[in-house]
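Working notes for the structure below.
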Amino acid sequence: MRRKNREVKDLKTIIEIIGRATTVRLGINDKEYPYIVPLSFGYELDGEDIIIYFHGAKKGYKNDLMRKNDKVFVELDNFIEYQLGNNDPTTIYQSVMAQGKVEIIEDFDTKVKALQLLLDHCNLGKLNESEQYINATNVGKIKLENITCKTNDKNILKN
């Protein structure tokens, strides 16, 4: 990381930044060019591991690509504001980037847990646990690896 003074290494702070994010961008290998898709998500801390969950249809281009190569890249960010100081514009932001491998969850109870975490993060209430709905939904899990977190938000950097 070029700007070491903006790097965040504290796990609790990284989780707080992830908790404020509304979208995870999933980068998937697609031959010559990467394929990036924005997704709603849920997350949890499992010991020292950060786990991201996402959902979608069982069929589609994203799924085809993940079946070919489970290695992905994720990016989450929070825009705070634009600032202009000494005629030098800057953006106040928080960002988290990481690598991981996608695992498609098949176990019903684990899917229910993952989907409820997603709804919790999106403030959407209690999951409809109908078997038909759960079985029709594809749920992915990514354990984040090689995490980098960066901010120029002075409120975060104080901590």
Side-chain angles (χ1 to χ4, degrees), residues 1 7-81 91-151 153 156 159:
M1 182 172 299
E7 185 174 19
V8 176
K9 291 188 173 188
D10 177 64
L11 183 60
K12 180 179 179 232
T13 304
I14 293 170
I15 288 291
E16 288 173 7
I17 291 170
I18 290 171
R20 288 186 198 105
T22 58
T23 304
V24 62
R25 288 163 193 83
L26 181 65
I28 310 168
N29 291 306
D30 183 17
K31 300 176 191 155
E32 188 176 354
Y33 295 98
Y35 180 76
I36 299 172
V37 60
L39 300 165
S40 53
F41 71 99
Y43 66 96
E44 70 177 337
L45 188 60
D46 183 14
E48 296 284 308
D49 295 328
I50 301 171
I51 311 293
I52 298 283
Y53 297 99
F54 62 93
H55 78 298
K58 288 210 173 223
K59 293 182 179 179
Y61 194 59
K62 172 182 68 189
N63 294 313
D64 294 343
L65 292 176
M66 289 186 306
R67 276 192 287 279
K68 289 178 189 174
N69 186 341
D70 63 352
K71 294 177 183 170
V72 297
F73 196 86
V74 298
E75 188 276 344
L76 307 102
D77 60 76
N78 300 307
F79 167 81
I80 310 298
E81 66 180 355
T91 303
I92 307 303
Y93 66 90
Q94 306 162 345
S95 69
V96 176
M97 297 187 299
Q99 299 169 329
K101 290 184 181 179
V102 172
E103 173 189 336
I104 301 303
I105 299 171
E106 301 296 341
D107 176 70
F108 185 85
D109 292 336
T110 306
K111 284 175 83 170
V112 167
K113 174 189 162 192
L115 289 167
Q116 187 59 60
L117 286 168
L118 189 148
L119 291 177
D120 291 346
H121 177 66
C122 298
N123 296 314
L124 291 174
K126 181 92 172 89
L127 176 67
N128 171 0
E129 293 185 28
S130 87
E131 224 171 297
Q132 181 180 1
Y133 167 75
I134 303 295
N135 289 333
T137 304
N138 205 32
V139 178
K141 171 183 176 179
I142 306 167
K143 179 180 135 191
L144 301 186
E145 302 170 359
N146 301 318
I147 299 168
T148 58
C149 182
K150 186 176 175 183
T151 186
D153 180 351
I156 295 289
N159 298 333

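Just so it is clear, the values below take in all heavy atoms, side chains as well, and ignore hydrogens, waters and symmetry mates.
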Is there a donor-acceptor pair under 3.5 Å between the side chain of [X] and the backbone N or O of [Y]?
X: Q94; Y: R20; answer: no
X: N63; Y: A57; answer: yes
X: N135; Y: E131; answer: yes
X: K111; Y: I134; answer: yes

Tell me whether Y33 at atom OH has more than 12 heavy atoms from other residues, nucleotides or ligands lying less than 6.0 Å away.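 No.
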
Does K58 have more than 12 heavy atoms from other residues, nucleotides or ligands lying within 6.0 Å of its NZ?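 Result for NZ/K58: enclosed.
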
Is there a side-chain contact between [X] and [Y] in this structure, where contact means two heavy atoms from C-beta onward sitting under 4.5 Å apart?
X: I147; Y: I50; result: yes
X: F79; Y: T91; result: yes
X: L76; Y: R25; result: no
X: M66; Y: I28; result: yes

Looking only at side-chain N and O atoms, does Y93 offer a donor or acceptor that is under 3.5 Å from a partner on E81?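 The criterion, which ignores hydrogens and geometry beyond distance, is not satisfied for Y93 and E81.
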
Pair Y61-D30, side-chain donor/acceptor within less than 3.5 Å: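 Judged by distance alone, the side chains do pair up.
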
Taking every non-hydrogen atom, the tightest pair across [X] and [Y]:
X: M97; Y: E75; result: CG-CG, 3.8 Å
X: I17; Y: C149; result: CD1-SG, 3.5 Å
X: Y53; Y: E44; result: OH-OE2, 2.5 Å
X: I36; Y: G27; result: CG1-CA, 4.1 Å
X: A98; Y: L144; result: CB-CB, 3.9 Å
X: I142; Y: G100; result: CG2-CA, 3.8 Å

Reported [atom1]-to-[atom2] distance for the pair [X] and [Y], which is rounded to 0.5 angstrom:
X: K143; Y: D46; atom1: NZ; atom2: CG; answer: 9.0 Å
X: N78; Y: I18; atom1: CG; atom2: CD1; answer: 10.0 Å
X: I104; Y: D70; atom1: CD1; atom2: CG; answer: 9.5 Å
X: L45; Y: I51; atom1: CG; atom2: CD1; answer: 8.5 Å
X: I105; Y: K141; atom1: CD1; atom2: NZ; answer: 6.0 Å
X: L39; Y: T22; atom1: CG; atom2: OG1; answer: 11.5 Å

Check against side chain to side chain contact (heavy atoms under 4.5 Å, CB included), F54 and N138: CA-CA 8 Å; F54 62 93; N138 205 32; 5.9 Å; no

Apply side chain to side chain contact (heavy atoms under 4.5 Å, CB included) to L118 and D120, showing your working. CA-CA 5 Å; L118 189 148; D120 291 346; over 6 Å; no

Give the intermediate values and the outcome of side chain to side chain contact (heavy atoms under 4.5 Å, CB included) for residues L26 and Y35. CA-CA 8 Å; L26 181 65; Y35 180 76; over 6 Å; no

Ring-plane angle category for H121 and F41, please: parallel below 30°, perpendicular beyond 60°, tilted otherwise.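 Judged by the thresholds at 30° and 60°, the geometry between H121 and F41 is tilted.
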
Does the pair V96 and T148 meet the rule for a side chain to side chain contact (heavy atoms under 4.5 Å, CB included), with working shown? CA-CA 6 Å; V96 176; T148 58; over 6 Å; no

